[in-house]
Amino acid sequence: MRVRKIYTDNPDREQWKMLLHFSYPESIQKFFDSQGVGNKNDSNLIENICASVLQAKEYFDTSKIASLQIAPVLLYYGVTNLLSAFASLKTGRELGITGHGMKIADNNFDLTNLGDIKVIPSNASAGSLSILNRSYGSSIDICDKGAWRLAELFGAIPDLFNDFITYFPGEEPSVIPIEEVYTGQFYFDRFSTDLLSRFNDQDILPDRVVNYKKAYLPNQSQSDYVILYRRLNYEDISTYSLVGEKFLVISRNKQGTMVYLPLEIVILMILFCFGFLCRYKASLWNPFVRSDYSGKKLLIETFLDYSRRVVPNLALNYISDKRCIFVNQVVSTIDSSEEHSKREIEELVRSEVNKILTQKNRRGE
Amino acid sequence: MSIQTECFNFCKQIWKLSYRAEVIALIHSLGQRSGFGELMQNFVGHQFLTPLYIHYNQSDFIDNTSGIRLPTVLHQLSEKELSFLLKCHFLLNFINEQCVQKIVEKFPELKPSLNPYERFMSLDVSNFSINDCIDPRMIQPLVESFHKHEACQKILNEIPEDLVRLNANVLPENIKILFGGLFNSIREMPSWVRDIPEKNTNEYWAYCLIRCAVCINSILRNINQLIYQAFLREQLVVFNEDNIIYIGKHQSNFVCEDVELTIQAQEETIPCLPFDIVLMKYTSGKNEVKTFANIISLRFSIGIGNQGMTQGFDLRVVDESLNPYPALVSTSR
């Protein structure tokens, strides 16, 4: 996915300004025209998209000032509105959603053991979760793959990787951070061998890394790092944190199939879970919010803040087919005239020395 | 059919030879032997002549300052081993001589410049017969395709026989230059490559002759090398999208086309040495590349600084006649 840099001193305000562009019918009509989708005279569809974007904005804003008592519910509705609005916009049709398309496994909830709470996808044909899962690029039928534990879902969020390690020790992550290295000639990627100890079966390469073979040659293991040399026709298979950290996506075995979920869907499922807990399990949620000892409350607050920032960004990426990066820096001219690598300088010097030697040889010196 | 195709066809005949397995075992065992293994790395590109050269020139490997033999123990070849190596060398040299026979008849002075083995070392192999090595009919298609090559045709049919007699030293020296460092720009090339004399003068025909001789020498060297590789292996080393990490310089100059590439080092080191012929087959952007090349040099990078292990290669592309310098003939028109 190509990168689009957006210069701003306030990413949240800027991204919502870009999203709210699609709360105006004319903008949607123009988008339909440019993409060759939808019917620009379908006022019902267009008004639905406008309303969903506007409602999403209201839910997001309200969730910022609400306490943890209701913030997850508000943000869940905000996210589901935003994702469905942009899925409709991109496809140019109504999605036909009739419900959440997921439920929480009926068990004895223990909020100090947050990772074990399970979200069960349901209603493959008309559930919001299934439809959005397909719309946001997944080819799996999520209802076929059983329940997802919250720990599994948290392990798939790049920006919360360190929180995941802290709060869910012993759990397998679904993303691992990698470093990009430039040798002066070519780029390669690597990750710390320590990360492999997070996996029960450390043999995650290549099969568990999503689309590994589109990007890399067979890995090499050094003492400290696993080296990933890029294929000649490298495709970037990574997912990125908001600040541009690079992560590999690791698939999980669900009902015998190796699967992964789009980040939008992971966030939606976690929000649904927290929304359900505060709405329908208030007798557990309230004491947890009031007097959590475990620190999980901090994790939930971090997650909500992160979701408020990242979901609108993901919606923009989705609609523009670009990875939108909001940068807070002064726009400057790119000066390529003096950019020479060490290798290029060596080549220049070598060429000049050869020229001098050749001339001397010809003169018989 | 092209020289390349005929050469590959001939290589298939090599695979069927009854004595091939013994040759493979012998060459591999030489690599393991004290002395031979190291020295053979230093005299690459001469096929079966390399171990023979080491055997017959052991005095060359004495360090004059210390008088110590380098390496300290050089295993002698047995009579049977010598016989195998001589037989195989005879086969390759026979092909070379068949290929250049008509040209040598016309220009005897060219002989040391055409056959790559002549400049390195001449051996008396008169007690061998081609029938001991292979059915001679198998060689004919390759030799015939060689005779049809533009460089041969030019020498045989265009360059006047009464061309001023050449200084026998000139051609080998020029060929040495071409195989030596080679040039990164036209300015660095010697005048006999760069400057085309006025047409149909003696200088012009001498210029054509030198260029064609260089091509013939190079083609024969590659034919020899391919056949040698066929003795040892049934597959060429392939650089493709499953091992290439990076393609650096891909540049053509007045005479040749060079490619620099880096591959991921394999668990088993890719068995190649300078002068080996390899296949490059990959898609880069919209360009599909499928071409053969000589290894000019190779580098091995171990994983210092957690950078992984790579092998770097400088390659020279050869055309379908196995000629690394096709422009030398095409610009002699």
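Numbered from 1 within each chain, the chains take letters A, B, ... in sequence-line order. Reckoned from all heavy atoms, side chains included, excluding hydrogens, waters and symmetry mates.
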Please confirm whether A:K90 makes a cation-pi placement over A:Y318, using NZ or CZ under 6.0 Å from the six-membered ring centre and within 45° of the ring normal.
yes
Taking only residues two or more places apart in sequence, or in another chain, which ones meet B:Q229 in a side-chain hydrogen bond (donor to acceptor under 3.5 Å, both in side chains)?
B:Q225
Output the residues of residues 193-210 of chain A for which the shortest heavy-atom distance to chain B is under 4.5 Å, in residue-number order; output 'none' if no such residue exists.
none
Taking the six-membered ring for Trp, are A:F154 and A:Y167 ring centroids under 6.0 Å apart?
no
Heavy-atom contact with chain A under 4.5 Å, split by part of B:T262:
side chain
side-chain hydrogen bond (donor to acceptor under 3.5 Å, both in side chains) partners for A:E179, two or more places apart
A:R190
If I measure from the heavy atoms of chain B, does A:S223 come under 4.5 Å with its side chain, its backbone, both, or neither?
both
Ring centres under 6.0 Å, that's the criterion: do A:F188 and A:Y229 meet it?
yes
A:D224, part contacting chain B, at a heavy-atom distance under 4.5 Å
both
Who pairs with A:E245 by salt bridge (charged side-chain N to carboxylate O under 4.0 Å, His left out), at least two apart in sequence or on another chain?
none
With no hydrogens and no angle check, do the side chains of B:D314 and B:S297 hold a donor and an acceptor under 3.5 Å apart?
yes
Measure A:L232 against the heavy atoms of chain B and call it side chain, backbone, both or neither at under 4.5 Å.
both
Between A:Y187 and A:Y182, is the ring pair (Phe, Tyr, Trp, His ring centres under 6.0 Å) condition met? List the steps.
CA-CA 4 Å; A:Y187 290 90; A:Y182 181 57; 4.6 Å; yes
